[in-house]
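So the structure is just underneath, and the comments pick up after that.
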Amino acid sequence: MKKRVVPKRIGLAFTILTLAVGIIGCGSKADSNSSNSNNDKSKIVVATGGSPKPFTYVNDKNELVGYDIEVVNAVFNKLPQYEVSFEKTEFTSILTGLDSDRYQVGANNFAMNKERKEKYSYTDPIFKNQYVIAVAKNNNSIKSFKDLLGKTSEVSAGNNYTTALENFNKDNQGNPVKLSYTEADLLPILQHVEGGQYDFQLIDKSMLNQYIDEYGLNLNVIDLSEEDSNKIATPFSYLLVSKGNEKLTNDINKAIAEIIKDGTVSQISKKYFNNGDYAPDKK
């Protein structure tokens with residue numbers, strides 16, 4: 001009987017095909033294991049508006065950075081059960097995204113107010129501060145909240161200062177604060193106050209001092225009394241969590257307590273606020 005000769009090219013092709021199938025099989029197994037590993041983690045999308053600086057902003061390398069961003073990263077470094085990603089969006093879209101659970105966490109120097117507390121879960125505080133009024137150096141007409149009546153200010157829709165002024169106007173419809181809504185960044189807004197185009201700006205003291213130091217703004221800082229501060233909110237900022245995510249909120253709170261206690265929050269604060277420590281008190 002004659003031996004059957006397999007042409008070399010067919011044998012080579014069969015060998016290559018066999019190797020390819022083996023490689024594909026191994027690859028599929030690895031991909032499956034990787035997928036299963038990723039599926040073990042709960043995916044969390046953190047939304048931020050990318051302003052105001054230094055709480056959240058995009059740096060020269062097109063990286064999303066800032067106090068809130070670093071605190072969030074430090075929090076989730078303590079929570080390996082979550083897979084976290086960030087999404088930069090319009091400020092108002094953070095809230096609508098939390099409403100729909102498109103986002104699970106909002107990080108944007110959020111203060112607490114009654115309206116938001118009814119819709120979202122607040123974490124424990126991540127920042128302790130004081131509210132102030134910024135006015136031009138030559139403006140001596142504003143000393144307290146009641147002096148804002150009839151004055152002008154540029155505001156961003158939806159933030160805690162704007163909400164406070166809108167509520168203030170409801171009680172003072174005869175002589176309301178004149179509000180001009182804007183999407184401008186904070187620096188030009190403060191420059192407009194400095195130049196006299198607008199009378200004042202409500203702002204965090206730490207942030208205002210930062211901008212005065214960094215940009216040489218010629219502004220006066222007027223501290224608000226506790227009574228006036230309470231018209232805005234408690235002097236803390238928080239992360240927002242979409243409703244129904246109580247376990248996530250509890251996990252975040254445990255991590256916040258840890259990074260306050262171990263000094264991480266103080267280090268982040270000093271990095272972004274000219275060596276100022278605005279970490280909330282330890283529990």
Side-chain angles (χ1 to χ4, degrees), residues 44-79 82 84-95 97-98 103-112 116 120 122-132 134 156 158-162 182-191 201-215 217 233 235-241 252 255-256 258-260 262-280:
I44 303 298
V45 181
V46 180
T48 183
S51 69
K53 186 180 180 180
F55 289 96
T56 170
Y57 64 101
V58 177
N59 67 13
D60 294 339
K61 298 179 182 178
N62 205 34
E63 298 167 330
L64 190 60
V65 294
Y67 179 87
D68 280 28
I69 306 305
E70 286 206 26
V71 168
V72 169
N73 281 325
V75 163
F76 283 100
N77 282 341
K78 300 283 188 181
L79 303 172
Y82 296 103
V84 180
S85 61
F86 289 84
E87 185 169 324
K88 182 176 175 293
T89 185
E90 296 295 326
F91 181 84
T92 52
S93 296
I94 300 174
L95 303 178
L98 288 169
Y103 309 128
Q104 288 70 53
V105 177
N108 216 100
N109 190 31
F110 283 110
M112 186 180 292
R116 286 186 195 147
Y120 314 108
Y122 276 82
T123 66
D124 289 338
I126 62 169
F127 189 82
K128 182 179 181 180
N129 199 10
Q130 181 179 353
Y131 301 130
V132 298
S156 300
N159 73 25
N160 54 314
Y161 303 115
T162 304
T182 181
E183 295 182 0
D185 290 335
L186 183 57
L187 178 58
I189 289 174
L190 291 174
Q191 288 172 332
Q201 182 67 209
L202 291 179
I203 188 171
D204 297 359
K205 187 172 187 176
S206 59
M207 195 186 313
L208 179 57
N209 286 337
Q210 182 90 355
Y211 273 72
I212 290 173
D213 291 343
E214 185 171 351
Y215 299 103
L217 298 175
F236 296 97
S237 65
Y238 311 76
L239 301 176
L240 294 187
V241 180
I252 290 174
I256 288 172
E258 288 182 35
I259 63 175
I260 289 174
D262 68 18
T264 300
V265 175
S266 293
Q267 290 174 7
I268 296 171
S269 177
K270 290 174 182 177
K271 174 181 176 180
Y272 284 100
F273 294 97
N274 292 337
N275 214 34
D277 189 354
Y278 296 98

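Basis for what follows: all heavy atoms, side chains included, without hydrogens, waters or symmetry-related copies.
Within the model, atoms CD of Q201 and CG of L208 stand 9.5 Å from one another, a figure rounded to the nearest 0.5 Å. We find the CZ-CG distance between R116 and L240 to be 6.5 Å, quoted to the nearest 0.5 Å. Atoms CD and CD1, on E258 and I256 in that order, are 11.0 Å from each other to the nearest 0.5 Å. The distance from the OH atom of Y131 to the CG atom of L202 is 10.5 Å, given to the nearest 0.5 Å. To the nearest 0.5 Å, the span separating CD1 on I203 from CG on L190 amounts to 4.5 Å. Rounding to the nearest 0.5 Å gives a distance of 11.5 Å between CD of Q210 and CG of L217.
In this structure, Y120 contributes its side chain and L95 its backbone to a donor-acceptor pair below 3.5 Å. Without hydrogens or angle criteria, T123 side chain to L239 main chain gives a donor-acceptor distance under 3.5 Å. Remark: side-chain polar atoms of D68 are not paired, donor with acceptor, to backbone N or O of T56 under 3.5 angstrom. In this structure, the side chain of T48 engages the main chain of A107 through a donor-acceptor pair within 3.5 Å. The backbone N or O of G276 sits less than 3.5 Å from a side-chain atom of S269, completing a donor-acceptor pair. Checking side-chain atoms of T162 against main-chain N and O of S156 turns up a donor-acceptor pair under 3.5 Å.
Within the 4.5 Å cutoff, the side chain of M207 has heavy atoms near those of the P54 side chain. Within the 4.5 Å cutoff, the side chain of K53 has no heavy atoms near those of the L186 side chain. Side-chain contact check for F110 versus N160: every heavy-atom pair is 4.5 Å or farther apart. The side-chain heavy atoms of I69 and Y272, taken from C-beta on, include no pair separated by under 4.5 Å.
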For the pair V265 and Y67, evaluate side-chain contact (heavy atoms from CB on, under 4.5 Å) and give the outcome as yes or no after the intermediate values.
CA-CA 9 Å; V265 175; Y67 179 87; 3.2 Å; yes
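Take S237 and apply the side-chain contact (heavy atoms from CB on, under 4.5 Å) test, not counting sequence neighbours, and it matches N109, I126, F127. For N59, the side-chain contact (heavy atoms from CB on, under 4.5 Å) partners at least two apart in sequence or on another chain are Y57, K61, E63, V65. For Q267, there are no side-chain contact (heavy atoms from CB on, under 4.5 Å) partners two or more places apart in sequence or in a different chain. Every residue two or more places apart in sequence or in another chain that forms a side chain to side chain donor-acceptor pair (under 3.5 Å) with T264 is listed here: D262. Every residue meeting the ring pair (Phe, Tyr, Trp, His ring centres under 6.0 Å) condition with Y211, not counting sequence neighbours, appears here in chain and number order: Y215. Under the side-chain contact (heavy atoms from CB on, under 4.5 Å) criterion, S51 pairs with D185, not counting sequence neighbours.
With a 6.0 Å radius and a threshold of 12 heavy atoms from other residues, nucleotides or ligands, E90 has its CD atom at or below the threshold. Counting non-hydrogen atoms of other residues, nucleotides and ligands closer than 6.0 Å to CD of E87 gives a total above 12.
With ring centers used as reference points, F273 lies under 6.0 Å from F55. Aromatic rings from Y122 and Y238 are positioned such that their centres are separated by under 6.0 Å.
When every heavy atom of S93 is checked against every heavy atom of Y103, the shortest pair comes out as O-CE1, 3.5 Å. Scanning all heavy atoms of the two residues, the minimum distance from P280 to P125 falls at CG-O, 3.4 Å. When all heavy atoms of N159 and F91 are compared, the pair lying nearest together is N-CE2, 3.8 Å. The minimum heavy-atom distance linking L98 with G106 is given by the pair CD2-N, 4.0 Å. Closest of all the heavy-atom pairs between G49 and I94 is N-CD1, 3.4 Å.
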